[in-house]
Each structure stands twice: as C-alpha cells, then as structure tokens.
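Indexing begins at 1, ligand by ligand and atom by atom, following the structure's order.
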Amino acid sequence: MSENNINQFASLPYEYDALEPFIDKETMSVHHTKHHRAYYDKFIKAIEGTSLENMSVIDILKDLSVLPEDKKQAIINNGGGYFNHNFFWDILSPTSNKAPFEALEKEIVTSFESFENFKEKFKEKALTLFGSGWVWLVLNKEGKLEIIQTRNQDSAISLGLKPILALDVWEHAYYLKYQNKRAEYVDAFWNVVNWKQAEFLFNSYK
Ligand code: MN
C-alpha cells in the first residue's frame with residue numbers, strides 16, 4: 001500500500017493459508033478475491049471519468065466534503081471497502097511478534113495501563129459493534145491513542161484519524177470458521193497482528 005501508487009488491486013502479501021489456523025484459507029480467499037475485489041471494482045467504476053481518477057484512494061477518502069454528491073456514498077462504501085481491506089491485509093502477518101514493542105508498546109501501556117487491558121478494551125469494542133463495521137486503534141486529533149468503531153465501510157481516515165491497527169468485524173471476515181463466535185475471532189486475531197507494521201505506522205505519524 002503506497003500513497004503514491006495509482007489505485008490497483010494487489011495480491012495479498014502472503015498466501016491465503018498463511019494465517020492458518022487463526023484465519024482460515026477459505027475465508028482469506030473469498031474475502032480477498034470476492035469481497036475486496038467487488039469493493040475495488042465498484043470504487044473504480046464510481047470514480048471513472050471524474051477528476052478523482054488520478055487521485056489515490058487515501059487522498060479521496062481524507063476529504064469527503066469535496067466529493068460529488070451523486071458519487072459520494074458509492075465512494076464512501078466502495079473506496080472505504082477498498083482502502084480498509086488494503087490496510088487490514090498489511091496489519092496481518094503469519095510471523096507476528098504477538099505483542100507491540102518499542103515506541104508503540106510504551107504508548108499503549110501509557111494509554112491503556114497494560115497490553116492486556118488494551119486487548120480487553122479492543123475486544124469490547126469489537127463485541128459491542130452492532131452489525132457490520134471495523135474496530136480501529138488510531139491516533140486521534142490530540143495525538144492520543146484511541147480505540148474506535150466505524151460502521152459499514154466508513155474509514156478512520158475520513159474522520160481525520162490516523163489508523164495504526166484495524167479489525168474487520170463484518171461477518172464475512174470470520175463466519176466460515178467462527179460462525180457467530182465473534183469473540184473467538186477477536187482472540188485469534190492477536191496471533192496474527194503485524195506489530196512491525198503497526199509500529200511503522202505509529203512512527204510515521206509523528
Ligand atoms: Mn471485509
């Protein structure tokens with residue numbers, strides 16, 4: 001994912017089965033080739049023939065107020081779906097450190113008392129999100145860490161927030177393996193978090 005690249009549909013940075021047993025191959029494959037692909041295709045269709053065509057999805061989502069009214073919701077839904085999944089794939093890794101480290105680790109402890117407490121708060125946000133959406137760890141406008149929920153494919157970057165971590169809590173992200181057991185999916189997530197990427201993002205915002 002690069003802010004300078006023209007929008008394109010990229011392969012995952014690992015194999016579909018790389019996150020087994022925590023996130024299964026079939027879920028990753030359907031999620032990427034069907035769900036993510038559909039958001040991407042509809043996003044490209046929505047910006048086709050407009051001045052947005054030469055802009056990155058990140059720049060487009062950062063200021064929704066300038067979007068043409070007739071395209072706005074399609075871009076929020078599908079540009080959001082496109083960007084949020086790009087972000088999500090990068091924040092997952094088959095070689096997870098299992099815990100934050102360095103500057104982000106310190107900031108998490110400062111903000112949430114402990115990593116364990118942070119995970120509890122994050123899980124609570126994931127379990128209390130009614131319907132479909134995302135849970136994010138972000139740097140807020142005051143430069144503080146905050147855990148937030150967004151609905152549907154609304155993106156943290158459209159709220160002026162700087163995302164560090166994200167969890168897709170749409171049922172399509174976990175239903176094949178976990179069915180209604182969202183809590184087990186959240187617990188499994190911690191085994192595949194790419195904390196190197198999270199640390200990189202955190203430092204890049206300073
Ligand atoms: Mn998804």
Quiz prompt | Contact check: His172 to the Mn ion (ligand 1), N/O/S below 2.8 Å | solution = yes

Quiz item: Tell me, which N, O or S atom in Asp168 is closest to the Mn ion (ligand 1)?
Solution: OD2

Quiz item: Between Trp134 and Phe87, does the ring centroid distance fall short of 6.0 Å?
Solution: no

Self-check item: Ring centres under 6.0 angstrom apart (Tyr175, His31)
Solution: no

Quiz item: Looking only at atom types and distance, does a side-chain atom of Ser111 sit under 3.5 Å from a main-chain N or O of Glu107, one as donor and one as acceptor?
Solution: yes

Exercise. Report the name of the N/O/S atom of His85 located nearest to the Mn ion (ligand 1).
Key: NE2

Quiz prompt | Proximity of Tyr82 and Tyr39 rings by center, below 6.0 Å | solution = no

